Amino acid sequence: MSKPAKRLFIVLLPLIAALSVYLNSLTAPFIFDDNHKIVHNPDIKRLEYLKTRLIRPYDRDNRTPGRNNPSRPVVYATYALNYHMGKLDPLGYHIFNLLLHLLNTLLVFLISKKVFSGIGIKDPHYPAGYAAFLFAVHPINTEAVTYIYGRSNLLAAFFMLLSLILLFGPQGKKYRFSYPVSLLSYSFALLSKEISVIFPVILLLYEYLVYDPSAGPNTGKMKRHAPFWILAVSFLVFRYFYLGGIDDIEAYAKRPALEYLAVQPQIIISYIRLLFLPLGQCIDHFVPRTENFITARAVFSAVFLLLLPAAAILNARRKTRDSKIILLGTLWFFTILAPTSSVFPTATPFVERRLYLPGAGVFLIFALAVHRLVNAPKKLWIRQFYASLFILYLAALGLLTVNRNRLYNDPLLMWQDVNSRYPDKLRSYINMSGILLENGQYGKILGIMKGRKLSEDADEYILLGYIYQKMKRYDSADVMYSRALEIEPGNARVYNNRGLLNMELNEYDKASGDFEKAIGLDPGYANPYNNLGMLYGNINDNPGAEKMHKKAVELEPDNGGFRYNLGIAYIMNGKYKSALSELKTAAALDPSLEESGYYAGIASFYLKDYGAAIKYFAKYVRLHKGGVPADKAKKISWMIRQIKAGQGG
């Protein structure tokens with residue numbers, strides 16, 4: 001094999017490996033925050049919303065999880081494009097994530113090649129290939145690649161790596177073009193994920209440790225770097241004054257900054273361990289709260305972590321070629337991890353997808369070590385032994401990635417895995433219960449929940465109340481909702497659920513009060529408007545029903561169920577043309593709404609479009625192979641007789 005062909009093979013091999021280990025991720029359904037941020041997010045359902053719902057001031061007093069995060073507009077623009085092209089088919093979302101990972105793998109290779117070339121390695125393709133291969137197949141990256149909501153990490157990494165390549169790669173006239181594109185790419189990184197604010201530090205590290213000025217533009221360092229710092233500061237100012245804060249504005253239950261910082265050294269040590277020995281991975285790690293967070297273990301972990309960069313810096317004073325790579329990889333890891341692993345608390349302290357780009361720094365050091373091992377010994381069999389060990393290690397990583405992706409293909413197994421590792425974590429019970437709820441396995445959920453001590457978390461009581469309500473154990477449901485309101489009096493969901501409970505009991509005054517209370521607490525919450533509309537329909541207040549259903553549709557225009565209810569309200573008010581339009585839209589948005597055909601037939605009948613009415617009724621009857629309900633069958637028969645008799649009503 002010629003040298004160019006061999007080099008091309010080295011470039012392609014990590015990409016082929018990444019594609020191979022992530023093929024089984026393409027069939028994974030939406031999971032965890034995918035449901036809030038994609039499936040139930042009305043902001044991504046229409047492309048015209050990109051103008052009004054992509055970037056907006058964040059309202060901390062009226063937070064809804066199923067909305068765009070205004071600090072990450074690039075991410076949500078890609079979700080909107082995914083939805084426009086394939087609605088809620090997860091395949092398109094997974095393909096997009098995998099393509100980003102392949103591009104990032106290529107960028108890691110190119111940057112690693114420049115780094116190894118910068119320290120004088122004769123053929124940098126090989127160590128760069130090792131680094132790219134580790135990045136391509138390592139299971140720690142599954143949470144960023146397979147978990148669709150992890151896309152922010154992929155996009156931020158892509159734009160930062162691209163910016164670095166464009167800044168330090170081209171020469172001469174090409175540089176005059178690549179420099180503004182590098183700045184633009186960094187701007188996109190900032191609008192993809194907040195950690196990108198630290199990127200100018202990475203540029204400085206790269207420049208001072210491995211960059212060879214003779215290979216690029218002869219421009220002053222300060223002049224070259226200043227615009228990146230200006231962009232970073234401008235982004236922070238924008239977040240603070242327009243979006244509403246520099247901290248994690250999406251987080252509901254953040255820990256105090258000191259407590260969050262105190263637990264991070266232990267977590268970072270776990271991160272490092274996972275990068276070398278990726279066993280014990282979890283989509284939702286649990287770090288228990290404690291008042292005594294300054295422990296001997298925490299102090300020891302902090303000292304140990306401080307020694308790592310200190311040792312790398314002392315080693316760099318030897319001014320060897322390898323010491324520069326070790327220092328760059330070490331500082332790369334700690335620098336990019338700093339925004340989420342320091343004094344800026346987020347809702348969850350321990351998150352594996354945060355390692356997606358920081359891990360590349362560790363892989364750079366790992367690749368250097370492998371390169372030295374397979375080239376240094378004089379005896380061929382020793383070099384072959386080291387090479388074989390590395391190949392076996394890569395194969396093991398690939399198998400772990402494939403197995404990890406299998407869990408994403410079965411959300412119930414995924415949450416059972418979380419539960420097996422962290423039996424005290426409430427969220428795993430809630431998510432398992434949500435999956436079982438879809439299958440009507442209420443007794444099984446109660447069995448799971450009874451196996452744990454109830455916490456002081458309102459969500460647990462809301463879930464139990466909903467289950468008891470489904471089982472028609474109304475007294476128990478009411479007790480659970482009351483307890484949830486004691487814990488969280490301002491929770492609009494509890495009032496909405498209790499309103500449904502009272503409506504089932506025909507306690508319309510109580511139900512109306514609950515729905516109105518929910519609306520008062522959260523005016524952007526569409527469900528209580530819809531439910532209040534159904535209540536008004538039950539008491540024959542048809543104008544009131546129409547008004548409430550219209551408001552629900554205004555808030556969630558892509559909710560088929562809401563449009564279906566509005567269509568029925570229009571029929572009750574004699575607005576048949578509007579009813580037909582809403583019912584058609586409802587059926588297009590949600591094909592499972594089979595009853596929409598029945599009401600579309602009624603609307604068509606009163607619009608004297610008898611041919612359309614007969615088609616709607618015929619299709620409705622075909623769909624109900626088990627038999628049409630008696631009242632609807634009677635109505636259809638009467639209308640068809642009227643049509644045949646030529647009376648038309």
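Computed from a predicted structure; not experimentally measured.
With rounding to the nearest 0.5 Å, the separation of OH in Tyr147 from CD in Glu352 is 12.0 Å. The line from NZ of Lys45 to CZ of Arg53 is 10.5 Å long, rounded to the nearest 0.5 Å. The line from OG of Ser196 to CZ of Phe159 is 10.0 Å long, rounded to the nearest 0.5 Å. Considering CG of Leu485 and CZ of Arg493, their distance stands at 11.5 Å, rounded to 0.5 Å. Expressed to the nearest 0.5 Å, how far CE of Met548 lies from CG of Asn565 amounts to 13.5 Å. With rounding to the nearest 0.5 Å, the separation of CZ in Arg354 from CG in Asn153 is 9.0 Å.
In this structure the side chain of Phe32 never reaches within 4.5 angstrom of the side chain of Val418, judged on heavy atoms. Annotation: side chain of Phe562 is in contact with side chain of Asn527 (closest heavy-atom distance under 4.5 Å). Two residues are said to be in side-chain contact when any heavy atoms from C-beta on lie closer than 4.5 Å; Asn531 and Leu535 fail this criterion. By the 4.5 Å heavy-atom criterion applied to side chains, Ile148 and Asp33 are not counted as neighbours. Contact of the Val75 side chain with the Asn69 side chain is not registered, since no non-hydrogen atoms from C-beta on lie closer than 4.5 Å. By the 4.5 Å heavy-atom criterion applied to side chains, Tyr606 and Ile571 are not counted as neighbours. The shortest side-chain heavy-atom distance between Arg151 and Tyr93 falls under the 4.5 Å cut-off.
Aromatic rings of Phe617 and Tyr620 (six-membered ring for Trp) have centroids beyond the 6.0 Å cut-off, not under it. Annotation: Phe158 is not in aromatic contact with Phe188 [ring centroid separation under 6.0 Å not met].
In this model, a donor atom of one side chain and an acceptor atom of the other lie less than 3.5 Å apart for His101 and Tyr356. Residues Asn24 and Asn409 have side chains that never bring a donor and an acceptor to within less than 3.5 angstrom of each other. For the residue pair Asn41 and His36, no side-chain donor N or O sits within less than 3.5 Å of a side-chain acceptor on the partner. A donor-acceptor pair shorter than 3.5 Å can be found between the side chains of Tyr474 and Glu504. If you check the side chains of Tyr508 and Asn506, you find a donor sitting under 3.5 Å from an acceptor. In summary, the side chains of Tyr461 and Glu486 do not present any donor paired with an acceptor at a separation below 3.5 Å, with no hydrogens or angles considered. Of the N and O atoms on the side chains of Thr146 and Arg404, not one donor lies less than 3.5 Å from an acceptor on the other residue.
Formation of a donor-acceptor pair under 3.5 Å by the Ser512 side chain with backbone atoms of Asp509 is not found in this model. Panel note: side chain Arg498, backbone Asp478; no donor-acceptor pair is recorded below 3.5 Å. Using a distance-only test at 3.5 Å, with no hydrogens or angles considered, a donor-acceptor pair links the side chain of Tyr529 to the main chain of Pro523. With hydrogens and angles disregarded, a donor-acceptor distance shorter than 3.5 Å links the side chain of Ser596 to the backbone of Leu593. With Arg427 contributing its side chain and Phe286 its backbone, the two residues share no donor-acceptor pair below 3.5 Å. Side-chain N or O atoms of Tyr429 include one that pairs as donor or acceptor with a backbone N or O of Pro423 at under 3.5 Å. Without hydrogens or angle criteria, Asn573 side chain to Asn542 main chain gives a donor-acceptor distance under 3.5 Å.
The neighbour count for Asp631 CG, taken as heavy atoms of other residues, nucleotides or ligands under 6.0 Å away, is above 12. The neighbour count for Tyr240 OH, taken as heavy atoms of other residues, nucleotides or ligands under 6.0 Å away, does not exceed 12. The number of heavy atoms from other shown groups lying within 6.0 Å of CE (Met471) is above 12. The number of heavy-atom neighbours closer than 6.0 Å to CZ of Phe96, taken from other residues, nucleotides and ligands shown, is above 12.
Ring geometry for His285 against Tyr422 counts as perpendicular: the plane angle is over 60°, on a 0 to 90° scale with 30° as the lower cut. Note on ring orientation: taking the six-membered ring where Trp is involved, the planes of Tyr76 and Tyr79 are perpendicular (angle over 60°, cut-offs 30° and 60°).
Under the 6.0 Å distance and 45° angle rule, Lys632 counts as a cation-pi partner of Tyr598.
Looking at Ile195, Leu231, Val74 one by one, the single match for side-chain contact (heavy atoms from CB on, under 4.5 Å) with Leu190 turns out to be Leu231.
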Pair Leu88, Ile38 - check side chain to side chain contact (heavy atoms under 4.5 Å, CB included), show working.
CA-CA 8 Å; Leu88 291 177; Ile38 299 173; 4.3 Å; yes
